[in-house]
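Hydrogens, waters and symmetry mates are skipped; everything else that's a heavy atom, side chains included, is used.
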Amino acid sequence: MTLKILTPLSLSLLLLAPFSTLQAAGSSESDTKMPPPPVQLNEEVIEEPAAQWSDNWGIGIGMRRGDIPYATEEDEVYDTLPLIYFENDYFYINGMEAAGHIWKNDNHQINLYTRFRFVDIPKELQNESQSQAFDFGLQYRFVKDEWDFDLAFLSDSNKRSYGYSRTQYTWESGDWRIKPYAEFQWKSADFNNYYYGLEQYEIGGGVDFNTGVKARYHVFSNLYLLGQFGVGRLEDDVYNLPTINNRFQYESFLGFGFYPEPNTKKYSAQAAATKRKEGSEFLRIAHGWATPSNLNAILKWQTKTDPYNNQMTSAFYGTQLTDSLFNFPIDLYLTPGLVWHHDSEVQEDIAEAVIAVKAFYTFELGPRFRLGVAEGLSYVSNVTHIEGSELDQKDYKPSKLLNYLDFSLDVNVGDVFNSAKFDNMWFGYSIHHRSGIFESSSAFGRISGGSNYQTVYLQWHF
């Protein structure tokens, strides 16, 4: 008798057998420029035209439901998903997929591409399995008016390859934006044997089909409701496996998000007087120290010192998305960053990459101060000691991809020293936080906990 070694995915699923279903599933300038009308500070409310930001950004969060295709006692699984949307001339981020342009013109793109692949299994098995992940490959995209067509070839971290072709149509009317889509997915034999045969059955490659609709509804100001419904059909060879229970898998998503809104913005006279024009980009350099304290303790100033003195240095770039949110003078920035976790007696050097959206609110207490909060994604090349030790105590398998939060308070350096030369520089304190959103998301390994660093930084706007 031959002994068969089970993979983490197959072992997890077999634990819930007997064998009894979603693939996640510029305008040109005139010769004479007219100056803007002066702001009247004696008025209670100031109305001015909305800033001409492109409709190219958004941030949201919601709950995804997916059918479990496998022969398990549970039929569905739920996920909390944070989403970021952004597009410029160089790359785009669209929820759980992103691409950097290798070449593009008005209608055609060739991209370096990544997309999150869901593997829907019972949630109590997802931490140990962690089979779903961002896969990488190449994408061709054709865009024409309301239509776009995608063709992509990807592989997972073990070079199990697959591809897809997708057609989408965007329909807009009033407060609604609706996007129906249809997709064929080609899967290699290695891909099918692992994710559906669980390396116990060999079935070869195949093609499955997915279709559905995405929707966005404008509620008021920057608030939108988000929704999606889809259905996938597995090919016969996969459906006939004893490991698979259903041919059709249904997927749904419901959440909310913040996007540009077309209306005018209204500032109070005090806020208009407080806010000064700054550059639309920034560079932030920070250095921080790990703490074993949780986020609640840090916010109460009840922090403990890391006995191993683990430290990090980070550099963040920011590009402004808007200067108004819900008619308040809140600056919103897309801010990618790179973090270097320095080696210590308990860890080697570790790299971290972050992508987030950060909001700033400015107020005056003599000098100008700002409160900031960011939400995004963080990926580490290896799990840090401060994070791994906490998860070991809770008996979790660590996840390299986690939710990212940043809380900050800074002061304008030019105001402190009464020097216009430093008017665009800010000095501040921030909390660098990674966590799994209380076990609510399989994208983050179904873990509760993470890591915290307290940092000081200089941020220069230009």
Counting only heavy atoms not in [X], do more than 12 sit closer than 6.0 Å to its [atom1] atom?
X	atom1	answer
E281	CD	yes
Q302	CD	yes
K394	NZ	yes

Before we go on, tell me: are the rings of [X] and [Y] under 6.0 Å apart, centre to centre?
X	Y	result
H218	Y259	no
Y453	H433	no
F118	F116	yes
Y379	F134	no
H108	H101	no

**Request:** For Q132 and S442, indicate whether the former's side chain and the latter's backbone hold a donor-acceptor pair under 3.5 Å.
**Result:**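 A pair under 3.5 Å: yes.
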**Item:** Whether N88 side chain and F91 backbone form a donor-acceptor pair below 3.5 Å
**Value:**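 Yes; judged by distance alone, with no hydrogens or angles, the pair exists.
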**Request:** Would you kindly check if the NZ (Lys) or CZ (Arg) of R370 is within the cone defined by 45 degrees around the ring axis of W426 and under 6.0 Å from the six-membered ring centre?
**Result:**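 So R370 does make the cation-pi contact.
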**Message:** For the residue pair R115 and F136, would you count it as a cation-pi contact if the rule is NZ or CZ under 6.0 angstrom from the ring centre and within 45 degrees of the ring axis?
**Reply:**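 No - R115 does not lie over the ring of F136 by the 6.0 Å and 45° rule.
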Sub-4.5 Å side-chain heavy-atom contact between [X] and [Y]:
X	Y	result
I203	K187	no
L332	V357	yes
V231	Y250	yes
Y70	I244	yes
Y457	H287	no

**Item:** Derivation of the side-chain hydrogen bond (donor to acceptor under 3.5 Å, both in side chains) call for Y308 and Q347
**Value:** CA-CA 10 Å; Y308 300 104; Q347 73 178 35; over 6 Å; no
[atom1]-[atom2] distance between [X] and [Y], expressed to the nearest 0.5 angstrom:
X	Y	atom1	atom2	result
E128	D395	CD	CG	9.0 Å
F427	N412	CZ	CG	13.0 Å
Y333	D323	OH	CG	9.0 Å
N382	D349	CG	CG	11.0 Å
L112	Q139	CG	CD	10.5 Å
E87	N94	CD	CG	8.5 Å

Regarding [X] and [Y], is there a side-chain donor-to-acceptor distance under 3.5 Å anywhere?
X	Y	answer
Q109	Y140	no
T322	S324	no
S441	T80	no
Q228	Y181	yes
S344	N310	yes
S408	K358	yes
Y195	R117	yes
H432	T455	no

In terms of relative ring orientation, are [X] and [Y] parallel, tilted or perpendicular, with 30° and 60° separating the classes?
X	Y	value
F282	H461	tilted
Y317	F462	tilted
F209	F184	tilted
F191	Y162	tilted

**Result of checking E352, E387, Q311 against H341 for side chain to side chain donor-acceptor pair (under 3.5 Å)** =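 When side chain to side chain donor-acceptor pair (under 3.5 Å) is applied between H341 and each of E352, E387, Q311, only E352 qualifies.
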Using a strict threshold of under 4.0 Å (side-chain N to carboxylate O), is an ion pair present between [Y] and [X]?
X	Y	answer
R65	D67	yes
E251	K214	no
D423	R368	yes
R166	D150	yes

**Request:** Would you check, one step at a time, whether the test side chain to side chain contact (heavy atoms under 4.5 Å, CB included) holds for F326 with E261?
**Result:** CA-CA 9 Å; F326 290 107; E261 65 106 355; over 6 Å; no
**Prompt:** Hey, mind stepping through R446 and D79 against salt bridge (Lys or Arg N to Asp or Glu O under 4.0 Å) and telling me if it holds?
**Reply:** CA-CA 9 Å; R446 293 284 180 189; D79 275 307; 3.3 Å; yes
**Message:** Holding to ring pair (Phe, Tyr, Trp, His ring centres under 6.0 Å), I want the full list of residues that pass it with Y429, two or more places apart in sequence or in another chain.
**Reply:**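 Testing Y429 for ring pair (Phe, Tyr, Trp, His ring centres under 6.0 Å), a comparison that skips the adjacent residues, returns W301.
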**Request:** Taking all non-hydrogen atoms of both residues into account, name the closest pair between V77 and Q126 and its distance.
**Result:**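 That would be CG2-NE2, 3.8 Å.
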**For the student: nearest non-hydrogen atoms of Q130 and G445, plus distance** =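 Here Q130 and G445 meet closest at NE2-CA, 4.0 Å.
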**Prompt:** Taking Y201 as the fixed residue, which of N192, V238, T243, N193 is the one that meets the side-chain contact (heavy atoms from CB on, under 4.5 Å) rule?
**Reply:**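 Of N192, V238, T243, N193, side-chain contact (heavy atoms from CB on, under 4.5 Å) with Y201 is met by T243 alone.
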